[in-house]
Amino acid sequence: MTGSPARTLLLWCPDWPVLAAEIVDGVPATGPVAVLHANRVVACSERARAEGVRRGLRKREAQGRCPQLTVVDYDPGRDTRAFEPVVAAVEELVAGVEVVRPGACAVAARGPSRYLGGEEAAAERIIEHVAQSCLVESQVGIADGVFAAGLAARSGRVVAPGGTPEFLAGLPVEALGRSALADLLRRLGVRTLGDFAALPAGDVLARFGFDGALAHRLAAGRDHRPLAVRQPPADLTVTAEHDEPIDRVDVAAFVARALAEQLHERLAGHGLACTRLGIEAVTEHGQELHRVWRHDGLLTAAAIADRVRWQLDGWLSGSSGRTGARPARPTAGIIRLRLIPDGVIAQAGLQAGLWGETGEERERAHRALSRVQGILGPEAVVTAVLGGGRSPADQVRLVPWGDERLPARPGLAPLPGEPIAGGGGRAGSAGRPADRSAGGIPPWPGRLPPPAPAVVLPSPLAATVHDATGEAVVISARLAVSAPPARLVVGTGRPAEIVGWVGPWPVDERWWAPAEARRRARFQVSLADGTALLLAVEAGQWLVEAIYD
């Protein structure tokens, strides 16, 4: 691909959800305020940050750090209604404003810089105009591409032309705004955008998929949008005519969803996906309204419907800045609504998810699980995290849904036949040494060889093992087996014939701490009915720890 990202000016309003709550609902943003979504903080005021509140905290922890915290529910519709006057104020000075999200909008920097006396002068003029018109503080960043301009706006910086890759290189991977991808990259040892950009593009696409490839281009300072987007055919535009003018937000939301699904189906029929959406409305008196929404990624039918609903809510409510100098409501109800796919990309290279569109099933599952947590508590929904350890039970840790997925013990799942990270015990025959070539992770001596069991019992079951003569099988201190195991009795169950066995594999853990020391030997056995079990002998007692498939 050729070409370079266009110079972009992005206006960013810090802590916008908090400011929107003040503008619309009268919540004092000067006090400690936190906006919560799915029981987690998504935005907070400066006073709340001073008390230790941070994004991502759970409600209870945030209130523990700041007992006087005012909690507000996240409402994207409210954020959009409050942001519409800011966009209108920017549009009074420059043309072609694109809404990136509520609280951020972008324009091409070339025009404003030419007739406002340079890029820095244009940034100062826009900030001053927004402050005077809407009483809203804002910051402007200018760089090559929307992504870099958004990061530059965090510090009010103007990045020199051609300096965007250098500006991005030192930033952490969390700046991509993709938490799952950032977490995976950190576990792979990729910590900065420069490290991520240095990876081969083909390998990134194969490993992380289409969204990872887009993030890779952004990390390298190559805004994908001008290179990938083409002007769509005119027949992709969808329009809805209404005999009865629409002047209520709930009716507009219903119309928006039907129109969004129609647009998405039409794009899918052409193998396309929308990345930039134009929304046009015409009132009964002929007044025309227009707004463009930009999205880093692919707009699903639900995402299109949300943006249309938010924009119509902003127009029909006529909300604006804190002084009441609000853009007037439309002169009449809306009689024509048109959705224009202003930017599209080919969807042929995208692999659909197991239950539908790419990414849609993930969002649906997240909403459902978060709702269950809200009803039953955070511990009601847990996910498994693999880590290090010598037994199957040690290698799995259950964490509540939404919590940070960190293993209880260091180390990742090993390659077939290789032990995994850890240490601190004496290895038996199962724990052969391993080199440190796989990410520099030390081995876990004494780990069981593959395959891993299918079921790990939460509490081991007491058992007895007998030889062919009916005598109990015991293990000596030197790991000598008194006789070959022949029959197994689990609890008070019936005896089962053992047709094959292997072991013992010893583990002597934390022998230097008598209160925490643990010494045991493990066996794998096959029963006559086809069942395979993992047994352990500890302090003379046989235990069933896991079941093999």
With side-chain contact (heavy atoms from CB on, under 4.5 Å) as the criterion, how do Leu277 and Ile304 come out once you've worked through the C-alpha distance, each side chain's angles and the decisive distance to 0.1 Å? CA-CA 8 Å; Leu277 176 68; Ile304 293 173; 3.8 Å; yes
Please assess Asp183 against Arg187 for the test salt bridge (Lys or Arg N to Asp or Glu O under 4.0 Å), listing each intermediate value before the final yes or no. CA-CA 6 Å; Asp183 178 65; Arg187 287 191 280 121; 3.3 Å; yes
With side-chain contact (heavy atoms from CB on, under 4.5 Å) as the criterion, how do Leu176 and Leu181 come out once you've worked through the C-alpha distance, each side chain's angles and the decisive distance to 0.1 Å? CA-CA 9 Å; Leu176 291 169; Leu181 176 61; 4.2 Å; yes
What verdict does the side-chain contact (heavy atoms from CB on, under 4.5 Å) test give for Val90 and Val130, after you've listed the backbone C-alpha separation in whole Å, the side-chain angles of each residue and the deciding distance to 0.1 Å? CA-CA 7 Å; Val90 175; Val130 169; 3.8 Å; yes
List the steps and the verdict of side chain to side chain donor-acceptor pair (under 3.5 Å) for Trp293 and Glu98. CA-CA 5 Å; Trp293 281 78; Glu98 295 183 9; over 6 Å; no
Step by step, would you call Phe167 with Arg157 a side-chain contact (heavy atoms from CB on, under 4.5 Å)? CA-CA 10 Å; Phe167 164 69; Arg157 180 173 175 178; 3.3 Å; yes
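Between Ala123 and Ile142, the shortest heavy-atom contact is CB-CD1, 4.4 Å. Of all non-hydrogen atoms in Leu218 and Leu168, the two that sit nearest each other are O-CD1, 3.3 Å. The nearest pair of heavy atoms linking Ala20 to Asp79 is CB-OD1, 3.4 Å. For Ala152 against Val159, the heavy-atom pair with the smallest separation is CB-CG2, 4.0 Å. The shortest non-hydrogen separation linking Ala305 to Ala260 is N-CB, 3.5 Å. Nearest approach of Pro453 to Ile547, heavy atoms of both residues: CB-O, 3.6 Å.
The closest side-chain heavy-atom distance from Cys105 to Leu10 is not below 4.5 Å. Contact annotation: the side chain of Val87 approaches that of Val99 to within less than 4.5 Å [non-hydrogen atoms, C-beta and beyond]. In this structure the side chain of Val173 never reaches within 4.5 angstrom of the side chain of Arg191, judged on heavy atoms. Counting heavy atoms from C-beta outward, Ile126 and Leu11 have side chains that approach closer than 4.5 Å. Residues Leu9 and Arg110 are not in side-chain contact: their nearest non-hydrogen atoms beyond the backbone lie 4.5 Å or more apart.
Residues satisfying the side chain to side chain donor-acceptor pair (under 3.5 Å) criterion with Arg7, sequence neighbours excluded, are Glu119, Asp144. Taking the side chain to side chain contact (heavy atoms under 4.5 Å, CB included) definition, one finds that Arg338 meets it with Thr237, Thr239, Glu280, Arg336, Ile340, sequence neighbours left out. Listed by chain and residue number, nothing satisfies the salt bridge (charged side-chain N to carboxylate O under 4.0 Å, His left out) test with Glu124 (two or more places apart in sequence, or in another chain). For Trp16, the ring pair (Phe, Tyr, Trp, His ring centres under 6.0 Å) partners two or more places apart in sequence, or in a different chain, are Phe83. For the salt bridge (charged side-chain N to carboxylate O under 4.0 Å, His left out) test, residues two or more places apart in sequence or in another chain that qualify with Arg65 are Glu61. When the salt bridge (charged side-chain N to carboxylate O under 4.0 Å, His left out) test is applied to Arg186, the partners found at least two apart in sequence or on another chain are Glu174. Remark: Tyr548 pairs with no residue by the ring pair (Phe, Tyr, Trp, His ring centres under 6.0 Å) rule, at least two apart or across chains. With sequence neighbours left out, Ser113 forms a side chain to side chain donor-acceptor pair (under 3.5 Å) with no residue at all. Annotation: salt bridge (charged side-chain N to carboxylate O under 4.0 Å, His left out) contacts of Glu91 (sequence neighbours excluded): Arg291. In this structure, the side chain to side chain contact (heavy atoms under 4.5 Å, CB included) partners of Leu337, at least two apart in sequence or on a different chain, are Val255, Leu259, Ile279, Ala281, Val308, Leu312.
Side chain of Ser45 to backbone of Val33: a donor-acceptor contact under 3.5 angstrom is found. Between the side chain of Arg307 and the backbone N or O of Ala303, at least one donor-acceptor pair lies under 3.5 Å. Side-chain atoms of Gln139 come within 3.5 Å of backbone atoms of Arg154 as a donor-acceptor pair (strictly under, hydrogens ignored). Of the possible donor and acceptor atoms, none in the side chain of Thr192 sits under 3.5 Å from a partner among the backbone N and O of Val190.
Taking CZ of Arg222 as the reference point, atom CZ of Phe147 lies at 12.5 Å (rounded to 0.5 Å). With values rounded to the nearest 0.5 angstrom, Gln311 atom CD is found 10.0 Å from His290 atom NE2. Going from atom CG of Leu93 over to atom CG of Leu116 covers 6.5 Å, rounded to the nearest 0.5 Å.
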Output a table of donor-acceptor pairs, distance under 3.5 Å, between side-chain atoms of residues 50-57 and any protein atom two or more places apart or on a different chain; print 'none' if there are none.
from	atom 1	to	atom 2	distance (Å)
Arg54	NH1	Arg49	O	2.8
Arg55	NE	Val42	O	3.1

What side-chain donor-acceptor pairs closer than 3.5 Å can you find for residues 196-207, not counting sequence neighbours?
none

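Salt-bridge annotation for Asp313 and Arg309: absent, with no side-chain N of the basic residue lying under 4.0 Å from a carboxylate O of the acidic one.
With a 6.0 Å cutoff to the six-membered ring centre and a 45° limit on the axis angle, Arg81 does not count as a cation-pi contact of Trp310.
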